[in-house]
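Report on one structure; see the data block that follows.
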Amino acid sequence: MEIATERVVHAEPTRIKQLLENLFRNAIEHGGEDVIVRVADIDSTDDSARGFYVADDGTGISETKRETVFEAGYTTQRNGIGLELTFIA
């Protein structure tokens, strides 16, 4: 894990925890234990785009599935419920 920000985020604690847990879990499940997850500031000169991002060095989502992975119910896991990425979208 690489933390490249000191940004303070004002958010509902339960929701931000759930968001970050989902992102980190997805990175490990799909990128393996050696995946590197990075949290950093969004670089923008536009004040409306201030914030942070979470990214990993995994293979990414295939181009053919990018439109569907954020839909409720989409999962690649046999016992998954397909809601994790809907919290991010």
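For this chain, numbers begin at 1 and follow the sequence in order.
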My understanding is that only residues two or more places apart in sequence, or in another chain, count here; which of them pass side chain to side chain contact (heavy atoms under 4.5 Å, CB included) with Ala55? Tyr53

For Glu6, check side chain to side chain contact (heavy atoms under 4.5 Å, CB included) against everything at least two apart and list the hits. none

Identify the two heavy atoms, one from Asp41 and one from Arg7, that lie closest to each other, and give their separation to 0.1 Å. OD1-NE, 3.0 Å

Where Ala27 and Val35 come nearest, the two heavy atoms and their spacing: O-CG1, 3.6 Å

Between Glu12 and Arg15 the two heavy atoms that sit nearest each other are OE1-N, 2.9 Å

Hydrophobic cluster identity match, Ile28 and Met1, side-chain contacts under 4.5 Å: yes

Between Ile3 and Phe52, is a side chain to side chain contact (heavy atoms under 4.5 Å, CB included) present by the stated rule, with each step listed? CA-CA 11 Å; Ile3 307 288; Phe52 70 97; over 6 Å; no

About how many Å separate NE2 of His10 and CD1 of Ile16, when rounded to the nearest 0.5 Å? 11.5 Å

How long is the span from the CG atom in Leu23 to the CD atom in Gln18, to the nearest 0.5 Å? 11.0 Å

So which atom in Ala4 and which in Arg38 form the shortest heavy-atom distance, rounded to 0.1 Å? CB-NH2, 3.5 Å

Quick check on the hydrophobic clustering: are Val39 and Val9 connected, directly or via other members, by side-chain heavy-atom contacts under 4.5 Å? yes

Under the salt bridge (Lys or Arg N to Asp or Glu O under 4.0 Å) test, residues paired with Asp57 that sit two or more places apart: none

Taking atom CZ of Arg25 and atom CG of Leu20, what is their separation to the nearest 0.5 Å? 11.5 Å

Kindly compute the distance separating CG (Leu19) from OG1 (Thr14), expressed to the nearest 0.5 Å. 12.5 Å

